[in-house]
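What follows is one structure encoded as structure tokens, with my remarks underneath.
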Amino acid sequence: MGKATGFLEYSRKENPFRDAGERLHDYADLHTAQGTEERHCQAGRCMNCGVPFCQSSFGCPLHNLIPEWNDLLWRGEEREALERLMETAPFPEFTGRVCPALCEKACNLADDGVTNRDNELYLIEKGFAESWVRPRLPRERTGKRAAVVGSGPSGLATADLLNRLGHSVTVFERADRAGGLLMYGIPNMKLPKDIVARRIRLMEEEGVTFRLNTEADAEALEKFDAVVLCGGARKPRSLNVEHMDAEGVRFAVDFLSETTGKLLAGEDCNLAKGLHVLVIGGGDTGNDCVGTVLRQGCASVTQLEMMPAPPEFRTAGNPWPEWPRTLRTDYGQLEAICVQGSDPRIYETTVKRILTDEQNHITGAETVKLRRTAEGKMEPIAGSEQTLACELMLIAAGFVGCDGKTLETLSLIADGRGRLMPEDSSHYLGGKLFSAGDMRTGQSLVVRALADGRAAALEADALLRRA
Ligand SMILES: Cc1cc2nc3c(=O)[nH]c(=O)nc-3n(C[C@H](O)[C@H](O)[C@H](O)COP(=O)(O)OP(=O)(O)OC[C@H]3O[C@@H](n4cnc5c(N)ncnc54)[C@H](O)[C@@H]3O)c2cc1C
Ligand code: SF4
């Protein structure tokens, strides 16, 4: 059970990111190497609680066996700890880098929770370095063929489990590289692309086939015994203002994908160089845009958020072990503070008008302050308009569902929220079709997409074994 008095003797110590001033000059991993002794002590803080909320549905969606692998890590049995972790976590090198660590906030140590995410990253990187992570091949093949449409985290998790269960799996991906938003979306510094490519290579060695640059159509899917749709929920929410077609107004994921594409091609990436940038949306995607444009040498970056700033501490309506809806300042915002001297976020503000020149290039934005009405809606405050210079506007205002092309080709209809969510909340769409990940649930988190992909794989496996 870790060290009986570990949580009293050792204080929580996260593995620090590289210094903001240094990391701004490159797109390399934010994470620094982790010390063995430190990680062993941190794992020793785990109390092996009678009711481990960290692995309950308040905590890790994968239900990782957190107290068990923390105990093994504390004892120095690292290889066994990694094996225990990998019983439920398909790709700890992704979650160890990008997971918001729901488990840590659900930990009985509350705000002082055990550093599970850092411990997880330590274990998996040690596993790769020591060649403990090797291709795991199924004992026998079932002779059944499964197709997975989309190679984001949900598609990879589905393919991984179906392959382990002995089915022959082909993943269709319309992009030129596998990984979905892990490859083209989440920026390189948060998740280096060689880490994604390393996992894809391993899955190929385990027998999964990837068909890249391939749009999955009805004809191609005909020959499979089961098909799991994992196409994501990438349709971006737009702004209800004129001049959305102006040069310099872009959706965040398009911009982030282009940046990654250029970096992978070894090209200079100066898309925001010298420009005043406005990021619309105060969430995580907006934060990724802030970090990215700073690396490209923008003249300034400002992030607009419609809603009021969250409280500093939990409110009575948001108790432990729920995820705390409190103010977080993420890596991009910290970098902006380092460069510009202040937080880039402006709350309770939105864009009223996009200003353009004769060539239809964006030159600025008229913003307006908002206030919450008694009914809880945000309404503009007359007379609060302001003009901000802007030559690049990145829209990071959320997503409204899965893309119409896949639905059209397979004659499917999404629900009112743009999701392929069956009425009984299962993953089964009828015939031999299943859905998983953001396509089923709407935009979410990598760890939730992984858990959903594994759940869909089990449902598809049951159908394949019956057929
Ligand atoms: C900028 C950004 C940053 C994020 N950062 C984080 C983070 O730090 N932590 C976190 O937990 N979550 C983060 N998320 C959310 C997370 O990335 C998603 O929830 C997750 O990737 C969803 O996985 P998915 O497999 O369902 O879909 P996706 O990752 O979107 O993958 C879907 C794939 O399907 C392919 N596809 C679609 N239709 C077809 C078709 N017909 N044929 C072939 N291929 C097709 C697409 O090309 C795509 O590659 C972020 C999201 C964004 C946009
Ligand atoms: S995947 Fe996320 S929630 Fe689960 S143990 Fe790892 S950090 Fe915690």
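Each ligand, and each atom within it, is numbered from 1 in the order the structure gives.
For ligand 1, the polar-atom distance check against P153 finds a nitrogen or oxygen pair separated by under 3.5 Å. Residue D438 places at least one N or O, backbone or side chain, under 3.5 Å from an N or O of ligand 1. On a distance-only criterion, L181 and ligand 1 share at least one N/O pair closer than 3.5 Å. Polar contact with ligand 1: absent for D403 (N/O pair, distance under 3.5 Å). Geometrically, ligand 1 and A216 share a nitrogen or oxygen pair separated by less than 3.5 Å.
For the pair D268/Q296, no side-chain contact is recorded, criterion being any heavy-atom separation below 4.5 Å from C-beta on. Between V279 and F255, the closest side-chain pair of non-hydrogen atoms is not below 4.5 Å. In this structure, the side chains of S426 and E459 come closer than 4.5 Å at one or more pairs of heavy atoms. For the pair C54/C60, no side-chain contact is recorded, criterion being any heavy-atom separation below 4.5 Å from C-beta on.
At a 4.0 Å heavy-atom cut-off, ligand 1 does not touch R448 at all. Residue-level proximity to ligand 1 for Y184 is absent, since no heavy atom of it falls below 4.0 angstrom. At a 4.0 Å heavy-atom cut-off, ligand 1 touches V98 through backbone and side chain alike. Using a 4.0 Å cut-off between heavy atoms, V149 contacts ligand 1 through its side chain alone, with no backbone atom that close. Contacts with ligand 1 closer than 4.0 Å are made by side-chain heavy atoms of V253 only, the backbone lying farther away. If you look at K405 next to ligand 1, there are no close heavy atoms at all, none under 4.0 Å. If you look at L256 next to ligand 1, the close heavy atoms, those under 4.0 Å, all belong to the side chain.
From the protein, the heavy atom lying nearest to atom 3 (C) of ligand 1 is D288 OD2, 3.1 Å. I186 CG1, 4.1 Å is the protein heavy atom nearest to atom 50 (C) of ligand 1. Ranking the protein heavy atoms by distance from atom 27 (O) of ligand 1 puts G232 CA, 3.4 Å first. Counting only heavy atoms of the protein, atom 30 (O) of ligand 1 lies nearest to R234 NE, 2.9 Å. Among all protein heavy atoms, the one lying closest to atom 25 (O) of ligand 1 is S154 OG, 2.7 Å. Looking only at protein heavy atoms, the nearest one to atom 2 (Fe) of ligand 2 is C99 SG, 2.4 Å.
Short contacts between ligand 2 and N64, defined as distances under 4.0 Å to a heavy atom of the residue, involve ligand atoms 1 (S), 4 (Fe), 5 (S), 6 (Fe). Atoms of ligand 2 found under 4.0 Å from any heavy atom of V447, numbered from 1 in the order shown, are 1 (S). Interface atoms of ligand 1 facing T406, defined by a heavy-atom separation under 4.0 Å, are 38 (N), 39 (C), 40 (C), 41 (N). Here is the list of ligand 1 atoms found below 4.0 Å of a heavy atom in G180: 29 (O), 31 (O), 48 (C), 49 (O). When each atom of ligand 1 is checked for a heavy atom of G437 under 4.0 Å away, the hits are 26 (O). Below 4.0 Å from some heavy atom of A449 lie the following atoms of ligand 1, by number and element: 22 (C), 23 (O). Those atoms of ligand 1 that come under 4.0 Å of a heavy atom in G150, given as number and element, are 33 (C), 34 (O), 35 (C). Of all atoms in ligand 1, numbered sequentially from 1 with element shown, those under 4.0 Å from a heavy atom of G185 are 1 (C). Listed by number with element, the atoms of ligand 2 under 4.0 angstrom from any heavy atom of T95 are 1 (S). Listed by number with element, the atoms of ligand 1 under 4.0 angstrom from any heavy atom of F399 are 53 (C). Close contacts of ligand 2 with I66, meaning ligand atoms under 4.0 Å from a residue heavy atom, involve 5 (S). Taking every non-hydrogen atom of R117 and a distance limit under 4.0 Å, the qualifying atoms of ligand 2 come out as 7 (S). For ligand 1, the atoms sitting less than 4.0 Å from at least one non-hydrogen atom of C230 are 32 (C), 33 (C), 34 (O), numbered in the order shown with element in parentheses.
Note: L278 CG to I362 CD1 = 7.0 Å, rounded to the nearest 0.5 Å. Distance check, rounded to the nearest 0.5 Å: CZ of R18 to OG1 of T32 gives 9.0 Å.
One option in K190, R211, E173 has a heavy atom closer to atom 46 (C) of ligand 1 than any other, and that option is E173. Here atom 52 (C) of ligand 1 lies nearest to T285 when heavy atoms of N287, N213, T285 are compared. Comparing D217, V148, V446 against atom 12 (N) of ligand 1, the shortest heavy-atom distance belongs to V446. Atom 45 (C) of ligand 1 has its nearest heavy-atom neighbour, among Q443, E215, R174, in R174.
Atom 6 (Fe) of ligand 2 is closest to atom OE1 of E120 (considering only N, O or S atoms).
By the 6.0 Å contact criterion, CD on E408 is open, its count of non-hydrogen atoms from other residues, nucleotides or ligands being 12 or less.
The pair D403-R174 counts as a salt bridge, with a side-chain nitrogen and a carboxylate oxygen less than 4.0 angstrom apart. The residues E125 and R97 are annotated as salt-bridged, a charged nitrogen and a carboxylate oxygen being separated by less than 4.0 angstrom. For the pair K126 and E78, the salt-bridge criterion is met [side-chain N within less than 4.0 Å of a carboxylate O]. The residues D254 and R250 are annotated as not salt-bridged, no charged nitrogen and carboxylate oxygen being separated by less than 4.0 angstrom. Between E322 and K105 there is no salt bridge, since no side-chain nitrogen of the basic residue lies less than 4.0 Å from a carboxylate oxygen of the acidic one. Salt bridge status for R198 with D194: absent, with no side-chain N to carboxylate O gap under 4.0 Å. Taking a cutoff of 4.0 Å between a charged side-chain nitrogen and a carboxylate oxygen, R448 and D452 do not qualify as a salt bridge. A salt bridge is defined here as a Lys NZ or Arg NE, NH1 or NH2 lying under 4.0 Å from an Asp or Glu carboxylate O, and R39 with E37 fails to meet this definition. Using a cutoff of 4.0 Å between basic side-chain nitrogens and carboxylate oxygens, R199 and E93 are scored as salt-bridged.
The six-membered or imidazole ring of W320 lies near that of F53, with a centre-to-centre distance under 6.0 Å.
Taking the ring centre of F7 as origin, the terminal cationic atom of R45 falls outside the region bounded by 6.0 Å and 45° from the ring axis.
Residue K190 is tested with D284, D288, D330, D29 for a side-chain hydrogen bond (donor to acceptor under 3.5 Å, both in side chains); the sole match is D288. A side chain to side chain contact (heavy atoms under 4.5 Å, CB included) with M183 is found for exactly one of L191, N188, I200, V196, namely V196. For the side chain to side chain contact (heavy atoms under 4.5 Å, CB included) criterion with D118, the lone passing option out of K13, Q34, E38 is Q34.
Between W74 and Y10, the two ring planes are tilted [angle within 30° to 60°].
Atom 2 (Fe) of ligand 2 has no N, O or S atom of C103 closer than 2.8 Å. Note on C60: counted as a metal contact of atom 4 (Fe) of ligand 2, an N/O/S atom lying under 2.8 Å.
Taking a 4.0 Å cut-off on heavy atoms, T214 registers as neighbouring ligand 1.
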